[in-house]
Amino acid sequence: MLRTHTCGELNKAHVGERVDLCGWVATVRDHGGVMFIDLRDRYGVTQAIFDPTDSQEAWQVAQNLRAEYVIQASGVVEARPPAMENRKLATGAIEVRCDRITVYNKSRTPPFPLDDGEAARVSEDLRLAYRYLDLRRASLQKNLTLRNKMSLGVRECLTEKGFTEVETPILTKSTPEGARDYIVPNRLAAGTFFALPQAPQQYKQLLMMGGTDRYFQIARCFRDEDLRADRQPEFTQIDLEMSFVTPEDIYEVIDAVLASVMRASGHGDIDLPLPRMTYDEAMNRYGSDKPDTRFGMEIEDLTAIFADTSFKVFGQVIEKGGVVKAVNVKGLAGVPIRAIEDWTELAKDEGLGGLAFIRVQEDGTWKSPIVKFFSDEEQASLKKVLNIEVGDLVLFAADKPATVHAALGRLRLLAGAMAKAIPDGKFSFTWVTEFPLFENDAEGRLQVMHHPFTSAHPEDWDLLESDPLRVRAQAYDIVLNGVELGSGSIRIHNPETQARLFKALGIPDEEAQNRFGHLLKALSYGAPPHGGIALGLDRLAMLMAGAQSIRDVIAFPKTQKASDLMMEAPSTIDEKQLRDVHLEIRRPEAE
RNA sequence: GGGGGCGUAGCUCAAUUGGUUAGAGUACCAGACUGUCGAUCUGGUUGUUGCGGGUUCGAGUCCCGUCGCUCCCGCCA
C-alpha cells in the first residue's frame, strides 16, 4: 500500500508515529508560512501541515496544491494544542506534520464544490454528468456502504435459513404482458430478439420445479416504463421463492430479512411479527394498497350516519350504493383556501364531484358550505365518530367506494404532510394481504392484478367463473412508510388450475401454449406447491438511508428520461453494428 | 401520452412595467500573511441569459417552437 493509514483513523494513540497518508486535497489554507491541507479519502479527513522549517522542499511542492489533487503526504502524527482541536473531525485531536509529499495527479478545477453541504444544492444533472466526482462526497460513499451492509445482511440471513443463491439469465424471452420489455436484437437469427428480464419470475418458479426448494437472488431487473423518484429503468430486487409453503412462511422469512436489514442499517431491532392487514382493510382505513401507517388520520365511514340524510348530495350517492367517508386532519383548520382548491382539483381528477369540508374555528363553530344541511343528530354523530375538535379540518368524499378511497387516500397523505403529522425517522412496516386476484382494465376487461400464475385464496376458487372480481388471491405486499417494498404470491402449481385461470382471463388455449407453453409443460411434470416474493433493494436502501431519491443509493443512476449523463448512454450505433443484427432504423418523417 | 416547476458567470442565485454597460456571493487567477479548519486581507478575470424563431425603437423579461433536468398523473403483469 502507498499509505500506512487512512484519512479517517488517526487519533491521539498514534501521536509520535511516522505515517503515510493518501487522498484528495479537500481544502488548502495557506498562511504564507505554515499551510494546512485537509486530506480526504473515503474514510475521513485528516489535517496535514506543511511548514518551511520542517522541509523547505515539501513546503515548496505543497504551495502548488489545488482542490482534488491526489497526493501522498508523509510525516509524524502530533497532538494538536487543546485550543486547536477540531471537534467536527473524527481525527480532529491530531494532525500530521509533513516533510515529504508526492503529487500523484493534478486535477482541473472541479465543476462544482464537493463539500457535502454545498454539493447537495448543485443541480443534479451536473452531478450526474460528473458522477465520479459526486461519489467522492461522504454521503454518497455512506449510502454505498450501507447498501453493501444490507445485501450482506440479506445473504447471511437467507443462507442461514437454507436458501441457495442462484443466478438467472439476463438474456431471456420477451413476454408482452406486464411492463414494456427492454429488447436485445439477436445476430444469429434475423428478426428475433431477446428481452431483459422484468423480474426472474418464471425462472424462479422453474427452479422450484427443479427441486431447488429455497432460492434467492439479488437480481437486476429491467422495465422500459416512465420513471419516478423511486423508479429506475434498471433496479435490483431481493428475489426469493420457496416450495411447500403458505403465505405465513413467506411472511416469517421476510420479517426476519427486514429485521436483519434494519439492524445492518443501524436502525436497531424491530418488533416481529410485522403487522398485517387485508387489502380491504387497507383500502377502507387508508384509501391505499400501500398505506403509510406512520400516522393516524384514518378514513372514517359515515355512510350509516347519513343513511337517511336530507342532504341530497350525500343521500343520492348512498341511494346508488355509494359511500360517504371523511378524513379528519388535526390542526389544519387554518389551511389557506388555495390549498383546499388544489385538493378539490385533485379530488375531481380522481372522479369525485367535489370536495366538501369543515373547518373547526377557535370558538368551536364549524365553518363549512355543507354543514347547514346536516341535522343536529348527524352533526353529533360526526363529532363523535371523527373526534372533531377545535382546529380540525374534515374532508368529505361521497361516491363509489373505489373513487372515495383513491381521493381520500391521496388527500390524507398531502394533508398529513402539510399538518406535519408524519413523523421523521420512524419506520412503520405493514403487510397487506389477500389482494384481489383480478381487476378491470381501462376497457373493462378482466386482468390479473399480480401475475397470471397467482393462486386464488383457497376459499374463493368457486367464484372464479361466477364473480371473478370478488376472488381474493394468495397475494401480498410488504409496505414501509407508504412505499411498496415488495410483492409476492403463492403460485398455481398444477396445469389444470393454470388452464382454468387462463380461461377466466379469456386467453385461448393456443395463445396460452404459445406464451407460457414452457411453464405449463413444467407444471405437468410434478411441480411442488410454491410461492415467493421480491423486495426492491433500491427503495429499501433509499428508506434506510433517509434519501429523497432512489438515485442517491445507486452508484450510476439514470435520469427521468433513462439516460446516463456521464456515459452519454443511450447512443446511436454504427451502420455495421446495425447490419450485424439485421436492423434498419425507421426515423420519423421530416416535416 | 398529460399536468406542474426549473434553465442567467465554473457553482448557487439576483436583475422593478420590456429600457442604457446583466450584478452578488462563492469558485478561479495574482499578491500579502506562521495556527487555520467555510482561514483572512488586497486586487483581478469570468456571460452564446439552454437552443431556434417571432413581436418591439429596444427582449434575460412577452409570444411560438425545441432541447435538457425535475416532481406528479397515466404507465410500472
Peer 1: OP1, OP2 of B/rA39 versus side-chain N and O of A/Arg29: anything below 4.0 Å?
Peer 2: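 For A/Arg29, the contact criterion (side-chain N or O under 4.0 Å from OP1 or OP2 of B/rA39) is met.
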
Peer 1: Return yes if the base of B/rC29 and the side-chain atoms of A/Arg66 contain a donor-acceptor N/O pair under 3.5 Å, otherwise no.
Peer 2: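 A donor-acceptor contact between them is absent.
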
Peer 1: Does the pair A/Glu465/A/Lys503 count as a salt bridge with the N-to-O cut at 4.0 Å?
Peer 2: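 Judged by the 4.0 Å cut-off on N to carboxylate O distance, A/Glu465 and A/Lys503 do not form a salt bridge.
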
Peer 1: Tell me the interatomic distance from A/Asp181, atom CG, to B/rC76, atom P, rounded to whole angstroms.
Peer 2: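 Rounding to the nearest Å, CG of A/Asp181 and P of B/rC76 are 13 Å apart.
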
Peer 1: Checking all strands, does A/Arg180 fall into the base, sugar-phosphate, or nothing category for heavy-atom contacts under 4.0 angstrom?
Peer 2: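 Nothing, no nucleic acid heavy atom in range.
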
Peer 1: Return yes if some donor-acceptor pair links the side-chain N/O of A/Arg539 with the main-chain N/O of A/Glu484 below 3.5 Å, else return no.
Peer 2: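 At least one qualifying donor-acceptor pair exists.
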
Peer 1: Hey, which sits more toward the 5' end of RNA chain B by its nearest nucleotide, A/Leu227 or A/Pro110?
Peer 2: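 Whichever sits nearer the 5' end wins; that is A/Pro110.
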
Peer 1: Using purine N1 to pyrimidine N3 plus N6-O4 or O6-N4 for Watson-Crick, or N1-O2 and O6-N3 for G-U wobble, each under 3.5 Å, what pairs with B/rG38?
Peer 2: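 The base-pairing partner of B/rG38, which may sit in any strand shown, does not exist here.
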
Peer 1: Closer than 3.5 angstrom, by distance alone: can the side chain of A/Asp538 be matched with the main-chain N or O of A/Val553 as a donor-acceptor pair?
Peer 2: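 A pair under 3.5 Å: no.
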
Peer 1: Under 4.0 Å from OP1 or OP2 of B/rG38: is there any side-chain N or O of A/Lys88 that close?
Peer 2: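 Yes, such a contact exists.
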
Peer 1: Need the pair for B/rA14. Rule: Watson-Crick or G-U wobble, both distances under 3.5 Å, any strand; none if unpaired.
Peer 2: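 Partner of B/rA14: none found under 3.5 Å.
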
Peer 1: Just checking A/Asp51: base, sugar-phosphate only, or nothing, at a heavy-atom cut-off of under 4.0 Å?
Peer 2: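 Here A/Asp51 touches the bases of the nucleic acid.
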
Peer 1: At 4.0 Å (heavy atoms only), tell me whether A/Glu345 reaches a base, stays on the sugar-phosphate, or touches nothing.
Peer 2: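 Nothing: the residue A/Glu345, judged by heavy atoms under 4.0 Å, touches no strand.
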
Peer 1: Base, sugar-phosphate, or nothing for A/Thr53, non-hydrogen atoms under 4.0 angstrom?
Peer 2: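 The residue A/Thr53 makes base contact.
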
Peer 1: For A/Arg551, report the nucleic acid contact type (base, sugar-phosphate, nothing); a contact means any heavy atom under 4.0 Å.
Peer 2: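 A/Arg551: backbone/sugar contact only, no base atoms under 4.0 Å.
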
Peer 1: What integer distance in Å separates A/Glu124:CD from B/rG5:C1'?
Peer 2: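 Value for this atom pair: 15 Å.
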
Peer 1: For A/Ser563, report the nucleic acid contact type (base, sugar-phosphate, nothing); a contact means any heavy atom under 4.0 Å.
Peer 2: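 Sugar-phosphate: the residue A/Ser563, judged by heavy atoms under 4.0 Å, touches backbone atoms but no base.
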
Peer 1: Which base sits across from B/rG47 as a Watson-Crick or G-U pair, both distances under 3.5 Å?
Peer 2: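 The answer is none; no pair meets the criterion.
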
Peer 1: Quick one: label A/Met35 by what it contacts on the DNA or RNA (base, sugar-phosphate, nothing), any heavy atom closer than 4.0 Å.
Peer 2: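 If one applies the 4.0 Å heavy-atom cut-off, A/Met35 turns out to touch nothing in the nucleic acid.
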
Peer 1: If you round to the nearest 0.5 Å, how far is CE of A/Met567 from CG of A/Leu565?
Peer 2: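 Reported value, rounded in 0.5 Å steps: 12.5 Å.
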
Peer 1: Got a salt bridge between A/Asp51 and A/Arg97, using NZ or NE/NH1/NH2 to carboxylate O under 4.0 Å?
Peer 2: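 Salt bridge flag = yes for A/Arg97 with A/Asp51.
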
Peer 1: By the 4.0 Å heavy-atom rule, please label A/Asp30 as base, sugar-phosphate, or nothing.
Peer 2: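 If one applies the 4.0 Å heavy-atom cut-off, A/Asp30 turns out to touch a base.
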
Peer 1: Which is true for A/Arg231 with a 4.0 Å heavy-atom rule: it touches a base, it touches only sugar-phosphate, or it touches nothing?
Peer 2: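 It contacts base atoms.
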
Peer 1: For A/Gln202 and for A/Leu126, locate the closest nucleotide of RNA chain B by heavy-atom distance; then report the residue assigned to the nucleotide nearer the 5' terminus.
Peer 2: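 That would be A/Leu126.
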
Peer 1: Suppose we define a pair by two distances each less than 3.5 Å, Watson-Crick or G-U wobble; what does B/rG7 pair with here?
Peer 2: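 The answer is B/rC67, by the H-bond criterion.
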
Peer 1: Ring of A/Phe36 versus six-membered ring of B/rU36: centres under 5.5 Å and planes under 30°?
Peer 2: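 Whether judged by distance or by angle, A/Phe36 passes, so it stacks on the base of B/rU36.
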
Peer 1: Pick base, sugar-phosphate or nothing for A/Gln198, based on heavy-atom distances below 4.0 Å to the nucleic acid.
Peer 2: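 Contact class for A/Gln198: none.
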
